[in-house]
Amino acid sequence: CIPLLLCRLWPHGSVRAFGVDIGTEAIRLATENARITGFNVSSEHFASQEAEIPPTRNTFRPLLADVRKPGFAQTAGLCPPFHVITSNPPYIPKHEYDNLPASVREYEDRRALLGDPDPGNEDGDGLTFYRAIAQLMARDGLLAQDGLLAVEVGKGQAQDVERILQDEGKLAKTQIWQDPWEVDRVVVATR
């Protein structure tokens with residue numbers, strides 16, 4: 001929903017957005033939402049957009065991929081660097097997940113919530129995906145030199161995520177933004 005919101009809010013022809021998720025259901029829902037909001041999701045417009053000067057509309061493409069897999073960007077068909085990267089990754093530690101209300105645990109996709117999805121990681125801190133994102137920033141050059149990364153974080157995780165992005169992601173400038181309830185909710189980073 002974040003890439004679609006940016007497509008809707010920013011000027012026509014200024015956004016070429018990708019939405020990446022590991023779940024086929026999420027990709028299906030993103031495709032449906034894109035069509036409902038009037039964005040073409042076929043791959044043809046991405047191939048032809050390069051020749052279109054200037055582009056006349058914003059574009060969106062949902063991609064089924066796992067950011068933790070080696071060669072993620074190439075496998076997903078992405079062409080970095082990007083000027084804006086946003087993420088709302090799974091961030092709930094296993095011990096907190098087990099105590100979620102049944103209304104959440106039984107109806108939400110576990111993959112969208114559990115921050116340490118690998119078996120045997122029951123004592124994790126919920127920050128697995130932030131470490132993967134940081135490695136992508138440092139190793140794979142996903143973020144443009146003047147780019148911005150914004151990630152949502154769980155309650156009490158902002159300072160740890162900020163440190164991960166600085167140390168492992170080599171992103172020197174960071175800020176923590178609060179939500180309307182004054183909870184540290186987003187870490188924003190630039191080079």
Side-chain angles (χ1 to χ4, degrees), residues 1-50 52 55-94 96-98 100-119 121 124 126-133 135-137 140 142-143 148-154 179 185-186:
C1 65
I2 297 170
L4 285 174
L5 176 64
L6 296 178
C7 283
R8 176 65 84 193
L9 294 177
W10 287 352
H12 293 290
S14 68
V15 178
R16 184 176 176 187
F18 298 88
V20 178
D21 202 285
I22 195 170
T24 55
E25 306 82 12
I27 296 299
R28 192 173 14 256
L29 182 60
T31 302
E32 181 181 327
N33 286 339
R35 288 198 175 110
I36 289 169
T37 55
F39 295 104
N40 184 349
V41 293
S42 68
S43 59
E44 294 84 34
H45 75 279
F46 283 93
S48 65
Q49 182 178 349
E50 298 302 324
E52 191 178 344
T56 58
R57 64 186 195 157
N58 294 336
T59 58
F60 173 74
R61 182 176 177 194
L63 296 170
L64 184 65
D66 185 346
V67 300
R68 298 182 309 139
K69 297 288 184 193
F72 153 74
Q74 293 74 26
T75 303
L78 298 174
C79 298
F82 296 100
H83 295 283
V84 177
I85 298 175
T86 64
S87 182
N88 180 11
Y91 53 71
I92 299 174
K94 177 78 166 82
E96 288 180 25
Y97 178 83
D98 292 339
L100 287 174
S103 61
V104 174
R105 218 176 43 254
E106 294 175 13
Y107 295 98
E108 294 289 332
D109 186 341
R110 175 183 175 98
R111 296 173 299 178
L113 302 174
L114 196 56
D116 300 307
D118 297 327
N121 203 0
L127 304 178
T128 296
F129 288 91
Y130 300 104
R131 290 183 182 95
I133 291 167
Q135 290 170 5
L136 287 170
M137 298 304 114
D140 293 358
L142 287 189
L143 192 62
L148 177 137
L149 169 69
V151 294
E152 181 176 332
V153 298
D179 65 16
R185 186 57 67 189
V186 176

Exercise for review: Output the distance between atom OG1 (Thr59) and atom CZ (Arg16), rounded to the nearest 0.5 Å.
Suggested key: 6.0 Å

Study note, to complete from the structure: Output for pair (Leu142 CG, Leu136 CG), nearest 0.5 Å, gives 5.0 Å

**Study point:** By ring pair (Phe, Tyr, Trp, His ring centres under 6.0 Å) - contacts of Phe129 (at least two apart)
**Key:** none

Check your understanding: What distance do Leu113 atom CG and Tyr97 atom OH have between them, rounded to the nearest 0.5 Å?
Key -> 6.0 Å

Study note, to complete from the structure: The reported gap from OG1 in Thr24 to CG in Leu29 (rounded to nearest 0.5 angstrom) is 11.5 Å

Exercise for review: Hey, could you give me the CG/CG distance between Asn58 and Leu9, rounded to the nearest 0.5 Å?
Suggested key: 10.0 Å

Exercise for review: Under the salt bridge (Lys or Arg N to Asp or Glu O under 4.0 Å) rule, collect the residues that match up with Glu108, sequence neighbours excluded.
Suggested key: none

Review point. With sequence neighbours left out, what residues match Asp179 under side chain to side chain donor-acceptor pair (under 3.5 Å)?
Key: Arg185

Below 3.5 Å, can you tabulate the donor-acceptor pairs from side chains in residues 71-90 to any protein atom, sequence neighbours excluded?
{"from": "Thr75", "atom 1": "OG1", "to": "Gly71", "atom 2": "O", "distance (Å)": "2.9"}
{"from": "His83", "atom 1": "ND1", "to": "Asp146", "atom 2": "OD1", "distance (Å)": "3.3"}
{"from": "Asn88", "atom 1": "ND2", "to": "Glu152", "atom 2": "OE1", "distance (Å)": "3.4"}

Review point. In Å, rounded to the nearest 0.5 Å, how long is the span from OG1 of Thr31 to CZ of Arg61?
Key: 10.5 Å

Point to revise | Shortest non-hydrogen contact between Ala30 and Leu4, atoms and distance | key: O-CD1, 4.1 Å

Revision key, fill the gap. All heavy atoms of Leu63 vs all of Ile27, minimum pair found to be O-CD1, 3.2 Å

Point to revise | Residue pairs involving residues 18-28 (criterion salt bridge (charged side-chain N to carboxylate O under 4.0 Å, His left out); sequence neighbours excluded) | key: Glu25-Arg111

Exercise for review: Check side-chain contact (heavy atoms from CB on, under 4.5 Å) between Pro70 and all other residues, then give those that pass, not counting sequence neighbours.
Suggested key: none

Exercise for review: Not counting sequence neighbours, which residues clear side chain to side chain donor-acceptor pair (under 3.5 Å) with Asn33? List them please.
Suggested key: none

Practice item. Would you list the pairs meeting salt bridge (charged side-chain N to carboxylate O under 4.0 Å, His left out) in which at least one residue belongs to residues 76-94, sequence neighbours left out? Key: Lys94-Asp98

**Study point:** Contact summary for Leu127 and Asp116, nearest pair of heavy atoms
**Key:** N-OD1, 3.7 Å

Exercise for review: Using the side chain to side chain contact (heavy atoms under 4.5 Å, CB included) rule, take Glu32 and Ile36 through it: C-alpha gap first, then chi angles, then the decisive distance, then the call.
Suggested key: CA-CA 6 Å; Glu32 181 181 327; Ile36 289 169; 3.9 Å; yes

Review point. Which atom pair, heavy atoms only, marks the closest approach of Cys7 to Phe60?
Key: SG-CB, 4.3 Å

Practice item. Give the minimum heavy-atom separation between Val186 and Ala150, together with the two atoms involved. Key: CG1-CB, 4.2 Å

Practice item. Give the minimum heavy-atom separation between Ser103 and Tyr107, together with the two atoms involved. Key: O-CD1, 3.4 Å

Study note, to complete from the structure: By side chain to side chain donor-acceptor pair (under 3.5 Å), Arg68 pairs with (sequence neighbours left out) Asp118

